[in-house]
A.B. asks: 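Got a structure here, written out as structure tokens. Questions coming.
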There are 2 protein chains.
Amino acid sequence: MKEKTIVKTTSERALDAAEALFAKQGIRATSLREITELGGINIAAINYHFRSKEALVRAVYERSFHALNDERLRLLDEAERAASGEPLTIEAILYAFFEPMVRAWKENPNFILIVGRLQHEPDPELSAFIQNLYADLIRRFLAAAARALPGYPEADLFFWVHFLFGGVVYTLLASQDIPHYHQGRNLLETPDDFLKRLIRFGAAALRDQQGTGVRPRQLR
Amino acid sequence: MKEKTIVKTTSERALDAAEALFAKQGIRATSLREITELGGINIAAINYHFRSKEALVRAVYERSFHALNDERLRLLDEAERAASGEPLTIEAILYAFFEPMVRAWKENPNFILIVGRLQHEPDPELSAFIQNLYADLIRRFLAAAARALPGYPEADLFFWVHFLFGGVVYTLLASQDIPHYHQGRNLLETPDDFLKRLIRFGAAALRDQQGTGVRPRQLR
DNA sequence: GTCTATAACCTGATAGAC
DNA sequence: GTCTATCAGGTTATAGAC
């Protein structure tokens, strides 16, 4: 039997290096050789542990994805227990969805950035892989949201929460660029603030649209 | 002197092919050889007309960018003339910003998708190139928005409009995937509807946050 | 499990003929 | 302006020694 050691294993070092480089540069822009260099690994070892670059990408994704989503579901369960059968507020639902995401980003920005980058990778197998990972989560959150905002068509509910998710990952990916577009306070510098404001922002927008799903009112 | 011909020039065919492939696959995932194949061009001709792949990317971007932003500014001017000195509504500002974008996407999805893809390309020179293109536009729209929502800190105003922009391009890039996550009506199938709802969504969210910039209220 | 060496291939760019 | 042919260098993946 091996003892647990403080030193990381080769495959952990590979995952760490890949995660950092994928987040910073994107997946296609990162070669296995850069990963081996950063991680102090041999290129053949990557193939031994992961079989291919694509499998390494999935391994990086899965390593952090499950913990993130379990935490989201845990917060949702907790909120539902506290509400003892009553519908949740949309704020509570947005909190359960985004709090783990913002916290994960605060603790280690790399994984959340990869989520954003991977989402638009044009590989259909990779897309299907990701879509499957989200299926349960979406079902649970959509059911809760439908109770929070009765009368709001589920498809629209999904659309706008997905939209908010997109705004978040886009913004996090652009966090380096924001100061170049506008100097001054950047909410991402205070993640807890950002989360609070995000929930207000999303809740106000979703509430305002409640009931307008089928026939949106005129613009003016 | 050459006559104007209906047949497209080589460099136009190159731009068309590059635009289509960049939009579908991303920039790094598209090789010059794929572009030459799709456009029926020779690889040396690309280098003759554009010098390098990076220059071709910029040429694709600039070909459509100016028309889009000129239209945004034209709509803003028009709205300001109609308001004759009074502050605009935030709805009118969002309309001027997003209407040309949604319409451009409706007419030819490719360019808008490239805007989204290029934004997160890790090349710092490319980022600077894009940031410069946006400088004037941001100044004009931010000034109008600051009058529409007095008391709202400009940095936060920028942050949240940028957030909405991110939500839009993220959603457009994901338009193929949305049906896999949730079957049912997808707002992108009715772009005019999407635009109206987007403006409502953004206006409600921005108005709700007005005045909360410095000290966001408690969550519950 | 980890290494060296190498295969097989694709990339952007260019020289030089036409 | 457009072609063919080619260069120099990068890519992933793997065979085989240790």
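Letters A, B, ... mirror the listed sequences (proteins, then strands); counts begin at 1. Note that the structure is predicted; figures quoted are calculated from it, not measured.
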A.B. asks: Is A:Gln176 atom CD crowded by more than 12 heavy atoms from other residues, nucleotides or ligands, each under 6.0 Å away?
C.D. replies: no

A.B. asks: Who passes side-chain hydrogen bond (donor to acceptor under 3.5 Å, both in side chains) against A:Thr30, sequence neighbours left out?
C.D. replies: A:Gln25

A.B. asks: Taking CD1 from B:Ile35 and P from C:dA13, how many angstroms apart are they, rounded to a whole number?
C.D. replies: 11 Å

A.B. asks: Please name all residues satisfying side chain to side chain contact (heavy atoms under 4.5 Å, CB included) with B:Leu133, sequence neighbours left out, ordered by chain then number.
C.D. replies: B:Tyr61, B:Glu62, B:Phe65, B:His66, B:Phe129

A.B. asks: List for me each residue that meets side-chain hydrogen bond (donor to acceptor under 3.5 Å, both in side chains) alongside A:Glu54, sequence neighbours excluded, and say none if there are none.
C.D. replies: A:Arg58

A.B. asks: Distances under 3.5 Å between protein N/O atoms and the N/O atoms of nucleotides 4-7 of chain C, please, pair by pair.
C.D. replies:
| from | atom 1 | to | atom 2 | distance (Å) |
| --- | --- | --- | --- | --- |
| C:dT4 | OP2 | A:Asn42 | ND2 | 3.2 |

A.B. asks: For residues 67-79 of chain A, tabulate all N or O donor-acceptor pairs below 3.5 Å that involve a side-chain atom, not counting sequence neighbours.
C.D. replies:
| from | atom 1 | to | atom 2 | distance (Å) |
| --- | --- | --- | --- | --- |
| A:Asn69 | OD1 | A:Arg72 | NH1 | 2.6 |
| A:Glu71 | OE1 | A:Arg74 | NE | 3.0 |
| A:Glu71 | OE2 | A:Arg74 | NH2 | 3.1 |
| A:Glu71 | OE2 | A:Arg103 | NH2 | 3.1 |
| A:Arg72 | NE | A:Phe97 | O | 3.0 |
| A:Arg74 | NH1 | A:Glu78 | OE1 | 2.9 |
| A:Asp77 | OD1 | A:Arg140 | NH1 | 3.3 |
| A:Asp77 | OD1 | A:Arg140 | NH2 | 3.0 |

A.B. asks: Scan residues 45-58 of chain A against DNA chain C and write down, sorted by residue number, each residue with any heavy atom closer than 4.0 Å; if none is found, say none.
C.D. replies: A:Tyr48, A:His49

A.B. asks: Can you list the residues that meet the side chain to side chain contact (heavy atoms under 4.5 Å, CB included) rule with B:Val102, with sequence neighbours excluded?
C.D. replies: B:Pro191, B:Phe194, B:Leu195

A.B. asks: Round to the nearest Å and state the distance from A:Glu34 atom CD to D:dT11 atom P.
C.D. replies: 7 Å

A.B. asks: According to side chain to side chain contact (heavy atoms under 4.5 Å, CB included), who are the partners of B:Gln131, at least two apart in sequence or on a separate chain?
C.D. replies: A:Asp177, A:His180, A:Tyr181, B:Ser127

A.B. asks: Would you list the pairs meeting side-chain hydrogen bond (donor to acceptor under 3.5 Å, both in side chains) in which at least one residue belongs to residues 159-172 of chain A, sequence neighbours left out?
C.D. replies: A:Trp160-A:Gln209

A.B. asks: Measuring to OP1 and OP2 of D:dG1, would you say a side-chain N or O of B:Thr10 lies under 4.0 angstrom away?
C.D. replies: no

A.B. asks: Considering residues at least two apart in sequence or located in another chain, which fulfil the salt bridge (Lys or Arg N to Asp or Glu O under 4.0 Å) criterion with B:Lys24?
C.D. replies: none

A.B. asks: Only counting residues at least two apart or in another chain, list the ones meeting side chain to side chain contact (heavy atoms under 4.5 Å, CB included) with B:Ser64.
C.D. replies: B:Glu19, B:Phe111

A.B. asks: Less than 4.0 angstrom between a side-chain N/O of B:Ser31 and OP1 or OP2 of C:dC10, yes or no?
C.D. replies: no

A.B. asks: Please list residues of residues 21-30 of chain A whose heavy atoms come under 4.0 Å from any atom in DNA chain C, ordered by number; otherwise none.
C.D. replies: none

